[in-house]
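Every number for a ligand or one of its atoms is a count from 1 in the order of the listing.
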Amino acid sequence: MLRAVYQLYGTSATSACIGCAIASPKESHTEVQPRRQELSAEFTNNRMALFEKVSHYSALHPKPVGLVLQYGTSGFRTNAKQLDHIMYRMGLLAVLRSKKTKATIGVMVTASHNPEEDNGVKLIDPMGEMVTPLWEEYATQLANAEQEGLVTALNDIIEREAVNMSQDASVFIGKDTRPSSERLSQAVLDGVSSLGAHGHDYGLLTTPQLHFMVRCKNTDGSYGNATMEGYYTKLSQAFIQLTKHVPNRTDDQKRLLVDGANGIGALKMREMEPFLQNELQVLLYNDGSQGKLNYLCGADHVKVLQKLPQGVEIAAGDRCCSFDGDADRIVYYFNDSAGKFHLLDGDKIATLISIYLKELLTQAGLDLQVAVVQTAYANGSSTRYLEETMKVTVRCVKTGVKHLHHAAQEFDIGVYFEANGHGTVLFSKAAEGRIKQLALDPNTDDEKKRAACLLENTINLINQTVGDAISDMLLIEAVLAIRDMTVQQWNAIYTDLPNRQLKVKVADRRVIDTTDAERRAVKPAGLQDAIDVLVKKYQMSRAFVRPSGTEDVVRVYAEADTQENADALAHEVSVTVYKLAGGVGEEPKPLH
Ligand SMILES: CC(=O)N[C@H]1[C@@H](OP(=O)(O)O)O[C@H](CO)[C@@H](O)[C@@H]1O
Ligand SMILES: [Mg+2]
């Protein structure tokens with residue numbers, strides 16, 4: 001197994017020019033040559049000892065021969081049985097990333113809304129954002145190296161990134177409540193320690209909480225304290241500040257039903273409750289004491305099936321929300337007095353928050369641009385409302401939070417939400433500065449000061465690193481209270497176009513290629529033309545297809561003037577995909 005190391009370093013010690021520790025052998029500075037050789041030998045010995053340790057421990061986390069996995073839309077995600085070697089290797093990669101960035105890196109063990117048997121892992125960069133795309137590629141390379149090639153693959157990354165191996169490293173690790181998460185996070189820790197680095201294990205916490213911790217650590221506490229208490233204190237204080245001036249909030253207004261998806265979000269809501277000092281009265285369902293994670297409950301179930309989760313006792317008009325399995329997504333809903341279900345998804349959340357922010361900015365007299373970032377899955381009515389009624393800039397990007405986050409960073413205030421409820425708000429440094437300055441300025445008039453203070457507390461309430469169900473929930477609750485709005489009034493801002501999402505199984509989903517933020521298919525030939533013909537048959541219609549980044553399926557989305565038409569269009573497009581893109585199994589059947 002160690003042959004690769006000897007091949008790399010055995011023949012010529014001076015060729016080991018990695019990082020800044022060793023000067024290039026091509027330089028001909030004769031005076032320093034002996035010292036350099038001495039250093040090189042020591043360096044080589046250290047590196048070999050390190051790699052021997054990596055090899056030794058990696059044998060305890062062996063890769064199934066031939067297994068190929070990809071760092072997908074949201075990290076690696078598959079059946080938990082296939083992930084032990086991936087976890088170990090992500091521990092190694094996190095150490096390299098930490099040395100490279102000279103900062104703490106996060107590793108989260110979770111498979112979010114996937115079934116309980118699955119698991120996954122994602123890396124968190126220094127400011128709490130998703131790891132940069134180039135390192136996603138490294139993650140895939142390292143994950144797929146066969147056992148005997150692991151050290152070579154590791155060394156390749158070290159060389160390409162000129163990682164200084166003598167730099168200290170620090171890695172934060174967290175996990176969700178899946179039964180496999182304990183063992184898998186231990187494998188991450190093994191990877192971290194086999195490269196001689198320090199891993200801090202937070203144990204159970206939500207994905208966005210780990211993102212928060214990483215950012216706190218790397219900003220020396222200016223974002224908050226990197227502890228659970230630090231997180232709860234920061235958010236609950238901001239929430240209490242925001243709601244304390246709202247007159248006569250009734251118990252009904254403070255009451256919220258929360259579906260915890262039988263996951264980590266439920267545990268953390270319980271922990272947070274005392275910090276909220278009864279300003280929010282949470283009735284927690286699917287808290288994990290009985291049901292299975294994500295099973296017939298949680299944000300994804302509610303959004304995709306457009307119906308209530310099991311296990312929630314809802315009365316007409318009750319305001320409810322669902323988290324997903326790692327609490328980075330949230331959707332709201334209610335049943336009206338006729339028993340009809342109404343969903344308030346990521347698009348409705350983005351709209352509510354944008355209205356609130358725009359109004360405060362006007363009151364504060366601050367000329368800051370608010371933009372909303374969506375994906376092709378955003379309901380057409382939301383885009384129309386935002387552009388035509390609210391006159392905000394709307395940007396459409398590819399599916400996946402990293403794309404939304406990136407686009408949102410371009411604006412003073414970027415509100416981004418996927419329709420499924422994953423999103424947050426980003427404030428540029430300049431925008432934050434101007435808001436804070438106005439709140440402090442003794443010459444600011446009362447109305448402006450009030451608006452600036454509300455904006456300042458809003459910033460503190462938002463987890464700007466990534467979508468966060470708890471933080472988003474508190475923000476929505478605060479906005480509804482401040483604006484004295486009911487969930488019904490919020491829902492009436494615009495009416496969703498009926499829509500349908502379907503999945504089609506094909507032999508190889510890579511035969512589909514898309515453009516225009518995934519709204520048009522450029523491959524296979526003829527597919528887009530066929531979709532265009534189908535779309536023309538219906539009123540107010542739109543449809544697109546794209547290969548999923550997290551499941552082995554092609555996703556179909558359609559919307560139209562009525563639910564029947566949306567269903568029919570989605571079905572017809574599914575059949576077209578099946579026929580033109582190599583469908584497998586039975587041909588899709590009509591929904592009705
Ligand atoms: C239509 C849809 O909801 N797609 C989800 C899903 O991605 P797919 O690439 O569609 O499988 O999982 C992603 C990760 O959680 C999430 O970012 C995305 O929005
Ligand atoms: Mg999630």
Side-chain angles (χ1 to χ4, degrees), residues 70-78 108-115 118-122 124 130 136 174-178 181 205-211 260-265 268 293-294 297-306 322-331 343 345-347 350 373-379 396-406 416-424 463 465-472 499-505 509-510 512 514 517-519 543-559 570:
Q70 183 97 19
Y71 196 100
T73 315
S74 211
F76 293 98
R77 215 180 271 188
T78 186
M108 182 70 194
V109 176
T110 180
S112 182
H113 60 278
N114 285 39
D118 285 359
N119 217 322
V121 59
K122 46 190 162 190
I124 302 168
M130 303 283 189
E136 290 187 353
K175 59 171 183 271
D176 71 13
T177 53
R178 283 159 213 271
S181 291
L205 83 180
T206 71
T207 297
Q209 284 175 334
L210 188 65
H211 284 255
N262 290 317
I264 184 67
K268 297 298 159 180
L293 176 70
N294 295 328
C297 62
D300 198 60
H301 174 88
V302 173
K303 165 70 183 163
V304 175
L305 298 180
Q306 303 185 24
S322 283
F323 296 175
D324 74 336
D326 62 341
D328 59 2
R329 286 194 203 174
I330 186 168
V331 293
L343 174 71
D345 62 1
D347 305 333
V373 184
Q374 305 184 313
T375 71
Y377 292 98
N379 195 280
C396 181
V397 299
K398 282 165 48 173
T399 303
V401 176
K402 61 189 170 209
H403 301 298
L404 289 102
H405 192 94
H406 193 71
Y416 76 80
F417 270 87
E418 292 192 303
N420 60 32
H422 188 151
T424 187
N463 184 345
T465 62
V466 78
D468 181 334
I470 294 179
S471 152
D472 289 339
N499 59 89
R500 178 67 62 195
Q501 259 194 63
L502 296 174
K503 299 176 191 182
V504 183
K505 279 246 172 226
R509 66 196 200 275
R510 288 172 301 181
I512 295 189
T514 61
E518 304 177 322
R519 288 173 290 193
F544 67 92
V545 303
R546 54 174 282 278
S548 159
T550 60
E551 287 174 57
D552 191 12
V553 294
V554 174
R555 290 197 199 282
V556 171
Y557 177 87
E559 58 187 36

Arg77/Asp118 ion pair, N-O < 4.0 Å: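 Result for this pair is no, no salt bridge flagged.
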Those atoms of ligand 1 less than 4.0 Å from some heavy atom in Ser548: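 Listed by number with element, the hits are 8 (P), 9 (O), 11 (O).
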Proximal atoms of ligand 1 relative to Arg546 (non-hydrogen, under 4.0 Å):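 What qualifies from ligand 1 is 8 (P), 9 (O), 10 (O).
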Gap between atom [atom2] of [Y] and atom [atom1] of [X] - 0.5 Å precision:
{"X": "Met108", "Y": "Asp176", "atom1": "CE", "atom2": "CG", "result": "5.5 Å"}
{"X": "Asp326", "Y": "Ser74", "atom1": "CG", "atom2": "OG", "result": "7.5 Å"}
{"X": "Lys122", "Y": "Leu210", "atom1": "NZ", "atom2": "CG", "result": "10.0 Å"}
{"X": "Asn420", "Y": "Thr375", "atom1": "CG", "atom2": "OG1", "result": "7.5 Å"}

Short N or O distance, Arg555 and ligand 1, threshold 3.5 Å exclusive: yes
How close does the nearest protein non-hydrogen atom get to [atom], and which residue and atom is it?
{"atom": "atom 2 (C) of ligand 1", "result": "Asn420 ND2, 3.9 Å"}
{"atom": "atom 9 (O) of ligand 1", "result": "Gly549 N, 2.6 Å"}
{"atom": "atom 14 (C) of ligand 1", "result": "Ser74 CB, 3.8 Å"}

When you look for heavy atoms under 4.0 Å from ligand 1, do you find them on the side chain of [X], its backbone, both, or neither?
{"X": "Thr550", "answer": "both"}
{"X": "Tyr557", "answer": "neither"}
{"X": "Lys303", "answer": "neither"}

Chi angles and distances behind the side-chain contact (heavy atoms from CB on, under 4.5 Å) call for His422, Val466: CA-CA 8 Å; His422 188 151; Val466 78; 3.8 Å; yes
Apex the Mg ion (ligand 2) - arms OG from Ser112 and OD2 from Asp324 - angle rounded to 10°: 90°
OD1 (Asp326) to the Mg ion (ligand 2) to OD1 (Asp328) angle, given to the nearest 10 degrees: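 Output for this angle: 90°, rounded to tens.
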Under 3.5 Å: donor-acceptor pair, side chain of Glu136, backbone of Gly72: no
Short side-chain to backbone donor-acceptor contact, Thr206 and Ala327, under 3.5 Å: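 No.
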Sub-4.0 Å heavy-atom approach of Arg329 to ligand 1: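 Checking ligand 1 against Arg329, which is what was asked, there is a heavy-atom contact under 4.0 Å.
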Contact with ligand 1 for Glu418, non-hydrogen, under 4.0 angstrom: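 Flag set, Glu418 near ligand 1.
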Any Asn119 side-chain heavy atom under 4.5 Å of Ser181 side chain: yes
